[in-house]
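Just below is one structure, and these are the notes that go with it.
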2 protein chains.
Amino acid sequence: MAAIGGHPYSPSDIELPGFVPQQLSPLQLVVPLIGTSLLVITVIWLVSGRVLNTGRSARLSKADRLIMCWWAITGLTNLIIEASFLFTRNYLTKESPSFFDEIWKEYSKADSRYASRDTTIVAIEVIAVFLRGPASLLAIYAIASRKSYSYILQFSVCMGHICAMLVYYITAYLDGMNFCVSPFYFWTYFVGANSPWVVIPTLIAIRSWKLISQSFHSSKVNQD
Amino acid sequence: MAAIGGHPYSPSDIELPGFVPQQLSPLQLVVPLIGTSLLVITVIWLVSGRVLNTGRSARLSKADRLIMCWWAITGLTNLIIEASFLFTRNYLTKESPSFFDEIWKEYSKADSRYASRDTTIVAIEVIAVFLRGPASLLAIYAIASRKSYSYILQFSVCMGHICAMLVYYITAYLDGMNFCVSPFYFWTYFVGANSPWVVIPTLIAIRSWKLISQSFHSSKVNQD
């Protein structure tokens with residue numbers, strides 16, 4: 001599989017000495033990822049519906065329960081998949097690569113800045129792993145316990161996602177958009193796989209914004 | 001003033017062909033900046049105190065009025081000083097540099113990524129000029145008109161600032177922290193001049209977070 005430069009990435013003049021070719025196929029990577037995600041969604045949906053909605057507190061709405069599923073998916077992505085990239089500096093050269101090493105080899109075909117450990121990418125991942133990941137899991141707890149900080153916490157993590165995506169795409173554009181091996185990888189991974197992290201945080205941020213504004217409006221009305 | 005490489009920046013091997021040395025002294029740059037800032041603060045403080053606090057609406061607190069001064073300073077910084085960097089690609093080589101070109105020549109001594117137009121820096125400035133700048137001025141209007149979205153708007157701009165500062169400092173660290181000519185410039189500009197944009201957004205974000213949580217708490221109490 002390795003092309004010029006001993007690796008399949010673009011541009012081909014990136015130097016990756018000791019590169020060990022990818023062993024798992026895209027299907028072998030994507031199917032377990034989607035399967036695990038569906039399992040997590042099912043568990044969170046069932047637990048939030050049966051266990052959390054039995055007490056005396058107000059029932060969690062279907063929207064709240066779906067959003068809890070999202071926070072589980074994104075939080076675990078930050079704390080497992082992205083943490084694996086951040087802490088496995090030698091993932092391209094390991095003789096016995098893990099499943100996650102193989103994921104990053106695959107994704108690097110759509111954005112070789114992951115293979116070359118571009119500074120901006122690493123900075124984005126530091127923020128994802130240390131701040132957004134824990135905050136996403138805290139959001140599940142906050143929704144489940146109907147905390148009064150629930151919406152502002154969710155809003156802040158969404159803002160973090162949107163900022164990260166802006167920096168991610170703007171730097172790719174400014175650096176010449178030559179990190180992707182083919183239009184297929186561009187549309188499926190670089191655009192497609194990232195699109196939930198643009199669309200869903202935007203929707204949750206808009207929802208939180210509206211609920212927070214309404215809350216101030218009604219407390220103002222109550223004061224008058 | 002130009003050292004090895006025809007320019008005073010660090011590392012000295014950055015190539016900046018056609019570099020025109022700085023003509024204004026640090027004092028000639030800093031005094032007008034501080035003077036204008038004090039003027040803006042005075043105007044916003046007086047207008048918010050006399051004009052806006054005369055109607056039937058609830059009086060603006062001193063904290064609100066001080067925070068309006070901050071949004072004016074940071075919004076104008078985004079829309080004038082940072083926009084000047086973004087849109088003046090040739091600011092290092094202009095024969096008749098403007099005041100703002102000289103500001104960026106001076107600041108580049110603390111962070112030569114501005115002189116070399118590093119991609120991350122440009123991406124941060126794109127977000128500052130097109131999103132945070134207009135949003136900061138909108139925050140002044142929102143506070144003045146007691147809009148119900150006032151705190152969530154302020155919180156989101158603060159989150160944007162904090163994200164930008166995180167990316168700014170983490171990438172500097174990862175890239176080896178060799179962009180600064182001396183410890184003096186490191187502490188006065190790279191740390192000192194940026195510190196208000198770390199401390200004040202953090203304080204405003206904490207205040208907004210508390211007020212938003214309180215608002216949800218009281219609307220919950222009212223419901224019960």
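Order of the sequence lines sets the chain letters (A, B, ...), proteins ahead of strands, with each chain counted from 1. Values reported hereafter were calculated over all heavy atoms of this structure, with side chains retained and with hydrogens, waters and symmetry mates removed.
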| query | Any side-chain heavy atom of B/Ile212 sitting closer than 4.5 Å to one from A/Tyr149? | reply | no
| request: Can you label the angle between the B/Tyr151 ring and the A/Phe216 ring as parallel, tilted or perpendicular, going by 30° and 60°? | output: tilted
| said: Nearest 0.5 Å, please: how far is NE2 in B/His217 from OG in A/Ser215? | reply: 11.5 Å
| query | Do any of residues 115-131 of chain A have a heavy atom less than 4.5 Å from a heavy atom of chain B, and if so, which, in residue order? | reply | A/Thr119, A/Thr120, A/Val122, A/Ala123, A/Val126, A/Ile127, A/Leu131
| request: Would you indicate whether B/Lys94, at its atom NZ, is surrounded by more than 12 heavy atoms from other residues, nucleotides or ligands within a distance under 6.0 Å? | output: yes
| Within a reach of under 6.0 Å around CZ of B/Phe99, are more than 12 heavy atoms found that belong to other residues, nucleotides or ligands? | yes
| If every non-hydrogen atom of B/Gly160 is compared with every non-hydrogen atom of A/Cys163, which pair is closest and at what distance? | CA-SG, 4.1 Å
| request: Return yes when atom NZ of A/Lys62 has more than 12 non-hydrogen atoms of other residues, nucleotides or ligands closer than 6.0 Å, and no otherwise. | output: no
| Residue selection (most heavy-atom pairs with chain B, distance under 4.5 Å) from A/Asp175, A/Ile152, A/Ile170, A/Ile162 | A/Ile152
| With under 30° as parallel and over 60° as perpendicular, where do the rings of B/Phe155 and A/Phe155 fit, or are they tilted in between? | tilted
| Nearest heavy atoms of A/Ser148 and B/Ser213, plus distance in Å | CB-O, 3.4 Å
